[in-house]
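Accompanying notes for the structure given below.
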Amino acid sequence: MQEKDFNTSYEPSWCPGCGNFGIFIALKNALVELGLKPDNVLLVAGIGCSGNGVNFLKAYGWHSLHGRALPTAVGAKLANQNMTVIVMAGDGDSYGEGMAHFIHAVRGNANITYITHDNSLYSLTTGQSAPTTDKGTRTKSTPDGLIEVRANPMSLALSAGGGFVSRGFSGQADHLTSLIKKAINHEGFSLVDVFQPCVTFNKINTFKYYLDRLYNLDEQSNYKANNLEAAHKEALVWGNKIPYGLFYQDKRRSYGDHLPQLKGQPLAKRPVKVRNIDQLTREFA
Amino acid sequence: MQNKNNLTWKIAGEAGFGIKSAGMMFGKIFMRAGYEIFDFTEYPSLIRGGHNTYQLVVDTRPVNSVFKKNDILVALNQNTIKQNLAELNSGGALIYDSDKVKVSPAKLKNDHVQNIGIPLTSIAKEAGGELMRNVVALGATMYLVGQKLTIANKVVKETFSKKGKKIVDNNLKALKAGYDFVKENSKDEFMCQLPTLAAKDNIFITANESMALGAVAGGLGFYAAYPMTPSSSILHYLAKIASKTGLVVKHAEDEISVANMALGASHMGARSMVATSGGGFALMTETLGLMGLTETPMVLINVQRGGPATGLPTWTEQADLQFMLHAAQGDFPRIVMAPGDAGEAFEMGHQALNWADMYQAPVLILSDKLIGEGNTTVPRFNTKNVKINRGKILTQAQLSKIKEYGRYKVTPDGISPRALPGMKGGLFIANSDEHDAYGFSNEDSQNRIDQVDKRYRKLDQFRKIMPKPLIYGNPKAKKTVVFWGSNKGVVLDSYVALPDKIKSKIRIMQYQYLWPFDADFTKKILDSSKDILLIENNPNGQLANLIAQETGIMIENKLLKYDGRPFFREEIISALKKL
């Protein structure tokens, strides 16, 4: 398998220079390096520029409703644990319309990987504020400046019991590739929130903005990703310096691992037969 | 003393008094003695307090409806006298807790009500605890209706066995003490004698549990839900049996998640189902459209309660029909069916899974509180009629022979062979955007038309095999009664009770399938009717509107009820006599 084996006949429709390309390449590289085949991958996409990527990545695809990619992916994974299930959604999808699903999917810890395309803006709808837009930012929907404070996906995920909480940057595809690989290999819910500059509508959170601020937790010898307290502390760092990399990882059992009925053949692959209900009906006699 | 073929018993008091457990025991005792039962609970949306009632109709023939009037009323508190005494039949009996409830003997005498005061509290305390007042009253009832305690002892034992021997023994003591009290103190209060019947192979079950059992028999793999009265007992039942039947049951964070989770599981190939009530269904509507557009099979159950908004959470209504027909933006095919009773609910539970797979579309089952939470006796279910038909799901061998597989290829019957994720060579996108044959987003004019038409052709296929509305009574009669859903019980039970002369002039039409709508059959029946009576539990006659839309026939004579209560048999008998 090579990276090009994950291309479809469709040319990506993203703007030239879009941060999505970096994520797209990193994802494909990760799939190749993990030896995965398109037939064994389910890509669940949200609605937005990132979601359109479902047309460009060769795999089984599910193009969800806005905000609803996560529950679909959880159901799919429980029904077929042999499939690698990856969710791609934007920051509006993940932390706006789908915020409740995000928190509960983290709590539930189904074995799926969540790659959020976080450009701090609603871009496909031409530039309104997003949950991850900084307070005070003027956008089409907040011409006088955003009143709400920025949602913090790292802190939220850690507080909800996240077992794999990480942040990537689409300007660093090699690092992102290794992060996505770790996330896919993690036996449980893995979050990879990716800074993904929108070159058309976001004039603040640019590639340069991130390059000037980012420092890599993975390269810090004194940072241990199994320390929840340290992860909470780093998650709160924001401003002139912004951390990225793997904030936290633990070994909490996945949702499906708790279900004895999922041992053996995947649910969806078992032959559907008429069940014997004789004993069940006797309980009502 | 009189001989009777049916008996209506009602117990009432506050939530927490054990009303429900007394009712369930009563039902099981009489079922095992060979009788048919239907029960009906009234309760507010509260955990403690409020006024709860549990009514059971015992009959020698199948019964699926309730009466306004009762033969025996058990009053565990004063409020019951105020609320329910007027519902006692003349000649009926009032059992009340004379330790706590005051009645006017003169008034009871005047109303021809037998005055059966029992110190339920004292007797229960002596047996081991005041909470057992319900069981003392149950014992008293057994004597009044001429039943021995043999079966009752067994049912009480089973009911409390999980709580340990001491609790079982105390309850048995309480049951006998209640029985003995009436026996020793009665003059001629021995109220009636029901005929002795041979035990049948019946079960005592709600339509909620029946539908769940039907789906389990039919190979259900994945069930998701968020608790919502009156649908929650489906979740409770399936969660309880999940690990032993190999079923995955997920209580998700909201109904939007529920619908999408089940959709994800169905996409992978598991037979999937969700259930909720109107409010939860409202949250699922966008996803309903996604089911339609991605052609992913799904069974959705709406156990209706009084709406709109929070409405009447614990009461019954049939006001979601038009909503189910139209829910979600855009046009796409769906199947809407409505069971009339627990037996039909069982059959629909497995049939709906087949329809969903065969037509790759959402199948909506519209039930309601009355049958969803009401227990009834039905012959024990078996799987004789349960067949699995998964429609056009490809095997790997079939898929491997297809050169350029397209999940949404336009086909003459509109049904496109389905590959499941994980198969080799079956890649496709299940796309919430309009898409081409492979699932890629596509906004071309011709593609759009082809895909919309293709999806609708599936419904034409279903029309060919869709069961017709059911006809009861005299099929040639000119007076036609039209109903759907849970009114089956009260309409048919009332019909049976009519004099033959009236019966012969009536035919009854029940819609089990509401969409697609059988306009030809409807026209044939209604055009040949002189008088039409439509019976529905909603304020505008939603089925009447559907019939008008599909056939142009306007039904003027509508019997509508929307106070949250089901039709009582007295009301329907009177309406049928007037027809």
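Note that these values count all heavy atoms, side chains included, but never hydrogens, waters or copies made by symmetry. As the structure is a computational prediction, the values presented were derived from the model and not from experiment. Quick note on labels: first sequence line is chain A, next is B, and so on, each numbered from 1.
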(message) Would you say NZ of B:Lys200 has more than 12 non-hydrogen atoms from neighbouring residues, nucleotides or ligands within 6.0 angstrom?
(response) yes
(message) Taking side chain as everything from C-beta outward and backbone as N, CA, C, O, which of these in B:Ala217 sits under 4.5 Å from a heavy atom of chain A? Side chain, backbone, both or neither.
(response) both
(message) If you apply the rule side chain to side chain contact (heavy atoms under 4.5 Å, CB included), what do you find for B:Thr245 with A:Leu280, and how did you get there?
(response) CA-CA 10 Å; B:Thr245 49; A:Leu280 293 174; 4.0 Å; yes
(request) Please look at B:Ile241 and chain A and tell me whether the side chain, the backbone, both or neither of the residue comes under 4.5 angstrom of a heavy atom of that chain. (result) side chain
(message) Given heavy-atom pairs under 4.5 angstrom as the criterion, report whether the side chain, backbone, both or neither of B:Lys424 touches chain A.
(response) both
(request) Give, for atom CD1 of B:Ile429 and atom NE2 of A:His63, the distance between the pair rounded to the nearest 0.5 Å. (result) 8.5 Å
(request) Would you mind telling me which of B:Asn382, B:Asn202, B:Asp254, B:Asp201 has the largest number of heavy-atom pairs within less than 4.5 Å of chain A? (result) B:Asp254
(message) Between A:Tyr60 and B:Met423 (side chain of the first, backbone of the second, donor and acceptor by atom type, cut-off under 3.5 Å), is there such a pair?
(response) yes
(message) Tell me which of these, A:Met83, A:Arg270, A:Lys58, A:Glu283, has more heavy-atom pairs under 4.5 Å with chain B than the rest.
(response) A:Met83
(message) Using a 4.5 angstrom heavy-atom cutoff, name the option from B:Val258, B:Val386, B:Leu213, B:Leu290 with the most pairs to chain A.
(response) B:Leu290
(request) Identify which part of A:Asn40 has an atom lying under 4.5 Å from any heavy atom of chain B, answering side chain, backbone, both or neither. (result) side chain
(request) Find the one option among B:Arg407, B:Glu253, B:Lys28, B:Glu158 whose heavy-atom pairs under 4.5 Å with chain A are most numerous. (result) B:Glu253
(request) Counting only heavy atoms closer than 4.5 Å, note whether A:Ala45 contacts chain B via side chain, backbone, both or neither. (result) neither
(message) To the nearest 0.5 Å, what is the distance between CG on A:Leu267 and CG on B:Leu247?
(response) 8.0 Å
(request) Against chain B, work out which of A:Asn80, A:Asp278, A:Asn55, A:Val54 has the most heavy-atom pairs shorter than 4.5 Å and name it. (result) A:Asn55
(message) With a 4.5 angstrom heavy-atom cut-off, is it the side chain or the backbone of A:Pro260 that approaches chain B, or both, or neither?
(response) side chain
(request) Look up atom OH in B:Tyr438 and atom OG1 in A:Thr8, then write down how far apart they are to the nearest 0.5 Å. (result) 13.0 Å
(request) For each of B:Gly422, B:Gly269, B:Gly439, tally heavy-atom pairs with chain A at distances under 4.5 Å, and name the one with the top tally. (result) B:Gly422
(message) Are A:Lys273 and B:Ile388 packed together at the side-chain level, in the sense that at least one heavy-atom pair is separated by less than 4.5 angstrom?
(response) no
(request) Could you look at A:Arg107 and say if it's the side chain, the backbone, both or neither that has a heavy atom under 4.5 Å from chain B? (result) neither
(message) What's the separation between atom CG in A:Leu78 and atom CE in B:Met261, rounded to the nearest 0.5 Å?
(response) 7.5 Å
(request) Using non-hydrogen atoms and a 4.5 Å limit, figure out which bit of A:Ala285 sits close to chain B: side chain, backbone, both or neither. (result) both
(message) Given heavy-atom pairs under 4.5 angstrom as the criterion, report whether the side chain, backbone, both or neither of B:Val249 touches chain A.
(response) backbone
(request) Would you check, one step at a time, whether the test side chain to side chain contact (heavy atoms under 4.5 Å, CB included) holds for B:Thr383 with A:Asn276? (result) CA-CA 7 Å; B:Thr383 51; A:Asn276 186 342; over 6 Å; no
(message) Between B:Ser210, B:Ser441, B:Ala270, B:Ala259, who has the most heavy-atom pairs with chain A when the cutoff is under 4.5 Å?
(response) B:Ser441
(message) Under 4.5 Å from any heavy atom of chain A, what part of B:Asn431 do you find: side chain, backbone, both or neither?
(response) both
(message) Heavy-atom cut-off 4.5 Å, strictly under: side chain, backbone, both or neither for A:Lys269 against chain B?
(response) side chain
(message) Between A:Leu65, A:Ile277, A:Val74, who has the most heavy-atom pairs with chain B when the cutoff is under 4.5 Å?
(response) A:Leu65
(request) Give the minimum heavy-atom separation between B:Met268 and A:Ala79, together with the two atoms involved. (result) CB-CB, 3.9 Å
(message) Parallel, tilted or perpendicular, judged at 30° and 60°: which one describes the rings of A:Trp62 and B:His267?
(response) perpendicular
(message) If I compare all heavy atoms of B:Ser432 with all of A:Ser64, which pair ends up nearest, and what's the gap?
(response) OG-O, 2.8 Å
(request) Give every residue pair that meets the ring pair (Phe, Tyr, Trp, His ring centres under 6.0 Å) criterion with at least one member in residues 74-103 of chain A, sequence neighbours excluded. (result) A:Tyr95-A:Phe102
(message) Which atoms of B:Thr294 are under 4.5 Å from chain A, going by heavy atoms: the side chain, the backbone, both sets, or neither?
(response) side chain
(message) Can you tell me which portion of B:Arg32 sits under 4.5 Å from chain A's heavy atoms? Options are side chain, backbone, both or neither.
(response) side chain
(message) Check this for me: B:Lys392, atom NZ, are more than 12 non-hydrogen atoms of other residues, nucleotides or ligands nearer than 6.0 Å?
(response) yes
(request) Examine whether an atom of B:Ala242 lies under 4.5 Å from a heavy atom of chain A, and if so say whether it belongs to the side chain, the backbone or both; otherwise answer neither. (result) both
(message) Restricting to non-hydrogen atoms, name the atom on A:Gln261 and the atom on B:Gly246 that form the minimum distance, rounded to 0.1 Å.
(response) CB-CA, 3.7 Å
(message) At a 4.5 Å cut-off on heavy atoms, which part of B:Glu209 comes close to chain A: side chain, backbone, both, or neither?
(response) side chain
(message) Would you compute the distance between atom CG of B:Asn260 and atom OG1 of A:Thr72 and round it to the nearest 0.5 angstrom?
(response) 4.0 Å
(message) Do B:Arg380 and A:Arg282 make a side-chain contact, defined as non-hydrogen atoms from C-beta onward lying under 4.5 Å apart?
(response) yes
(message) Test side chain to side chain contact (heavy atoms under 4.5 Å, CB included) on A:Arg68 and B:Leu263; report intermediate values, then the result.
(response) CA-CA 11 Å; A:Arg68 315 303 169 202; B:Leu263 198 46; over 6 Å; no
(message) For the backbone of B:Leu220 and the side chain of A:Arg275, can you confirm whether one donor and one acceptor N or O come within less than 3.5 Å of each other?
(response) yes
(message) Need one label for A:Ile47: side chain, backbone, both or neither, based on atoms under 4.5 Å from any heavy atom in chain B.
(response) side chain
(message) For A:Leu70, which atoms come within 4.5 Å of any heavy atom of chain B: side chain, backbone, both, or neither?
(response) neither
(request) Decide side chain to side chain contact (heavy atoms under 4.5 Å, CB included) for A:Phe284 and B:Asn375; before the verdict, give the C-alpha distance in whole Å, the side-chain angles of both, and the deciding distance to 0.1 Å. (result) CA-CA 10 Å; A:Phe284 295 93; B:Asn375 289 279; over 6 Å; no
(message) Shorter than 4.5 Å, heavy atoms on both sides: which option in B:Gly425, B:Gly289, B:Ser243 has the most such pairs with chain A?
(response) B:Ser243
